[in-house]
Engineer: 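My structure is below; once you've seen it, I'll send some questions.
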Amino acid sequence: SRREFMDSTIFDTAGDRYRCEDLVSGKIGSTDIRFSEVHTERKQEVKSQDSSSGFKRYVTLFRGLVFIADFNKHFKGRTMVLTDQAEKSLGGLGTMFQRMNAQRDPLVKMENTDFEKAFVVYASDAVEANYILTPSLMERILQLRAKLGAIQLAFYNSVVFISIPWKE
């Protein structure tokens with residue numbers, strides 16, 4: 001649902017148009033899972049150069065698969081694992097901007113250097129983030145990223161959310 005999409009907090013907005021289709025739900029062993037194709041768009045005003053009138057078009061914010069599953073550990077806070085663009089592009093300056101991001105929980109540095117290069121982690125509780133993101137889980141997330149591309153994850157209410165954008 002749109003509410004679950006926003007509850008993940010992977011995304012800042014669900015946009016002006018939100019569509020999902022092909023919902024699959026079930027259990028793998030004792031783990032409840034759900035996933036669906038999601039397409040979100042925002043409306044953009046485009047002004048014509050030769051007149052004061054313009055037109056509207058929609059720009060894709062996200063198109064891909066959103067996966068939600070029960071997680072095998074209980075936790076109270078929120079841990080976000082997002083694609084690291086700032087540090088990759090700007091180095092130490094990017095890290096400074098990540099720390100100043102008032103819309104996110106505090107930045108948490110992880111010990112796995114490959115994971116740190118690929119992702120930025122924000123968490124309401126740094127100790128809990130390290131409890132969730134074990135060394136073996138970080139390795140599996142890196143392997144998943146190598147297969148699927150720019151994945152992002154959120155751990156919240158003992159559930160894991162994974163967004164997997166379609167490759168264009």
Side-chain angles (χ1 to χ4, degrees), residues 4-15 20 22 24 26-40 59-168:
E4 286 178 308
F5 182 82
M6 291 308 299
D7 282 351
S8 76
T9 65
I10 292 172
F11 307 96
D12 296 331
T13 179
C20 65
D22 302 329
V24 176
K27 283 186 176 273
I28 297 177
S30 61
T31 303
D32 288 322
I33 65 160
R34 292 186 313 284
F35 59 93
S36 179
E37 181 179 344
V38 174
H39 186 198
T40 64
V59 178
T60 295
L61 297 170
F62 175 79
R63 178 181 225 134
L65 196 65
V66 175
F67 181 88
I68 304 170
D70 290 338
F71 198 65
N72 64 347
K73 294 181 178 181
H74 177 72
F75 44 87
K76 295 178 183 175
R78 181 185 315 270
T79 299
M80 309 292 304
V81 179
L82 306 176
T83 301
D84 190 343
Q85 297 296 336
E87 195 170 330
K88 188 187 326 180
S89 301
L90 303 171
L93 185 62
T95 302
M96 183 185 76
F97 286 130
Q98 290 168 342
R99 287 189 195 286
M100 294 172 27
N101 188 341
Q103 295 177 338
R104 299 276 184 204
D105 288 320
L107 182 68
V108 177
K109 288 294 189 183
M110 307 306 291
E111 302 231 353
N112 182 320
T113 55
D114 292 332
F115 193 83
E116 266 295 310
K117 289 177 187 172
F119 296 103
V120 58
V121 176
Y122 295 100
S124 57
D125 181 335
V127 172
E128 190 172 73
N130 282 285
Y131 167 72
I132 293 167
L133 295 170
T134 63
S136 69
L137 181 57
M138 285 189 280
E139 285 299 323
R140 288 187 299 214
I141 292 170
L142 285 168
Q143 291 169 2
L144 190 61
R145 179 181 171 266
K147 289 181 182 177
L148 300 176
I151 63 169
Q152 300 193 102
L153 301 92
F155 300 86
Y156 178 63
N157 281 341
S158 299
V159 172
V160 60
F161 298 84
I162 306 172
S163 72
I164 307 164
W166 295 144
K167 293 180 181 175
E168 299 295 325

Engineer: Would a 4.5 Å heavy-atom cut-off, applied to side chains only, mark Met110 and Leu133 as touching?
Structural biologist: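 Yes, at least one pair of side-chain atoms sits under 4.5 Å.
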Engineer: Atom CG in Asp70, atom OG in Ser30: separation rounded to 0.5 Å?
Structural biologist: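 If we round to the nearest 0.5 Å, Asp70:CG and Ser30:OG are 8.5 Å apart.
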Engineer: Which label fits Phe75 and Phe155: parallel for a plane angle under 30°, tilted from 30 to 60°, or perpendicular past 60°?
Structural biologist: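 Phe75 and Phe155: perpendicular rings.
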Engineer: Show the numbers, then the answer: is there a side chain to side chain contact (heavy atoms under 4.5 Å, CB included) between Val121 and Phe115?
Structural biologist: CA-CA 10 Å; Val121 176; Phe115 193 83; 3.7 Å; yes
Engineer: Might you point out which heavy atoms bring Ser8 and Ala154 nearest each other, and give the distance in Å?
Structural biologist: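 Taking every non-hydrogen atom into account, O-CB, 3.1 Å.
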Engineer: Do you know the tightest heavy-atom contact between Ala150 and Pro165?
Structural biologist: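 Looking at all heavy atoms of both residues, the closest pair is O-CD, 3.3 Å.
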Engineer: Within the structure provided, determine whether Ser163 and Phe11 are in side-chain contact (heavy-atom separation under 4.5 Å).
Structural biologist: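 Yes; the side chains approach each other to less than 4.5 Å.
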Engineer: Quick one: pull up CD1 in Ile132 and NZ in Lys73 and give me the separation to the nearest 0.5 Å.
Structural biologist: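 So the gap between those two atoms works out to 7.5 Å.
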Engineer: For Arg140, check side-chain hydrogen bond (donor to acceptor under 3.5 Å, both in side chains) against everything at least two apart and list the hits.
Structural biologist: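 Per chain and number, Arg140 pairs via side-chain hydrogen bond (donor to acceptor under 3.5 Å, both in side chains) with no residue.
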Engineer: Indicate yes or no for a side-chain donor-acceptor contact from Thr40 to the backbone of Phe62 under 3.5 Å, with no hydrogens or angles considered.
Structural biologist: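 Yes; judged by distance alone, with no hydrogens or angles, the pair exists.
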Engineer: Look up atom CD1 in Ile68 and atom CG in Asn157, then write down how far apart they are to the nearest 0.5 Å.
Structural biologist: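 If we round to the nearest 0.5 Å, Ile68:CD1 and Asn157:CG are 11.5 Å apart.
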Engineer: Side chains of Asn130 and Val127: closer than 4.5 Å at any heavy-atom pair?
Structural biologist: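 Sidechains of Val127 and Asn130: no contact.
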Engineer: Give a yes or no on whether the ring-centroid distance for Phe67 and Phe161 is below 6.0 angstrom.
Structural biologist: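 So the answer is no for these two rings.
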Engineer: Would you sort out whether Ile10 and Val66 count as a side chain to side chain contact (heavy atoms under 4.5 Å, CB included), showing the intermediate values?
Structural biologist: CA-CA 10 Å; Ile10 292 172; Val66 175; over 6 Å; no
Engineer: Report yes if the side chains of Ile33 and Lys27 come closer than 4.5 Å at any heavy-atom pair, otherwise no.
Structural biologist: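 No. Closest side-chain heavy atoms not under 4.5 Å.
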Engineer: Can you list everything that forms a salt bridge (charged side-chain N to carboxylate O under 4.0 Å, His left out) with Glu139? Sequence neighbours excluded, please.
Structural biologist: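 Partners of Glu139 under the salt bridge (charged side-chain N to carboxylate O under 4.0 Å, His left out) test: none.
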Engineer: Show your working on side chain to side chain contact (heavy atoms under 4.5 Å, CB included) between Thr31 and Asn72 and close with a plain yes or no.
Structural biologist: CA-CA 8 Å; Thr31 303; Asn72 64 347; over 6 Å; no
Engineer: Do you know the tightest heavy-atom contact between Leu61 and Ala14?
Structural biologist: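 Looks like CD1-C, 4.4 Å.
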Engineer: Report the distance from atom CZ of Arg63 to atom NE2 of His39, rounding to the nearest 0.5 Å.
Structural biologist: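 Rounded to the nearest 0.5 Å, the CZ-NE2 separation comes to 4.0 Å.
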Engineer: Do the non-hydrogen side-chain atoms of Tyr122 and Val108 ever get within less than 4.5 Å of each other?
Structural biologist: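 Contact flag for Tyr122/Val108 side chains = no.
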Engineer: Atom CG in Asn112, atom NZ in Lys117: separation rounded to 0.5 Å?
Structural biologist: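 If we round to the nearest 0.5 Å, Asn112:CG and Lys117:NZ are 10.0 Å apart.
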Engineer: Within this structure, what is the CD-CG distance for the pair Gln152 and Leu82, rounded to the nearest 0.5 Å?
Structural biologist: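 Here the rounded value is 4.5 Å.
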Engineer: Give a yes or no answer on whether the side chain of Glu128 reaches the backbone of Gly77 with a donor-acceptor pair at less than 3.5 Å.
Structural biologist: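 Judged by distance alone, yes, a pair lies under 3.5 Å.
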Engineer: Test side chain to side chain contact (heavy atoms under 4.5 Å, CB included) on Ile151 and Ile141 and set out the steps.
Structural biologist: CA-CA 9 Å; Ile151 63 169; Ile141 292 170; 4.1 Å; yes
Engineer: Is the closest side-chain heavy-atom distance between Leu65 and Phe35 below 4.5 Å?
Structural biologist: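 Touching, per the 4.5 Å side-chain cut-off.
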Engineer: What is the minimum heavy-atom distance between Val38 and Cys20, and which atoms define it?
Structural biologist: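 Shortest heavy-atom separation between Val38 and Cys20 comes out as CG2-CB, 4.0 Å.
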Engineer: Does any part of the side chain of Val24, heavy atoms only, come nearer than 4.5 Å to the side chain of Arg34, both counted from C-beta?
Structural biologist: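 No, side chains not in contact.
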Engineer: Does this structure show an ion pair linking Glu116 with Lys109, if we count only N-O contacts that are shorter than 4.0 Å?
Structural biologist: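 Looking at Glu116 and Lys109, the cut-off is met.
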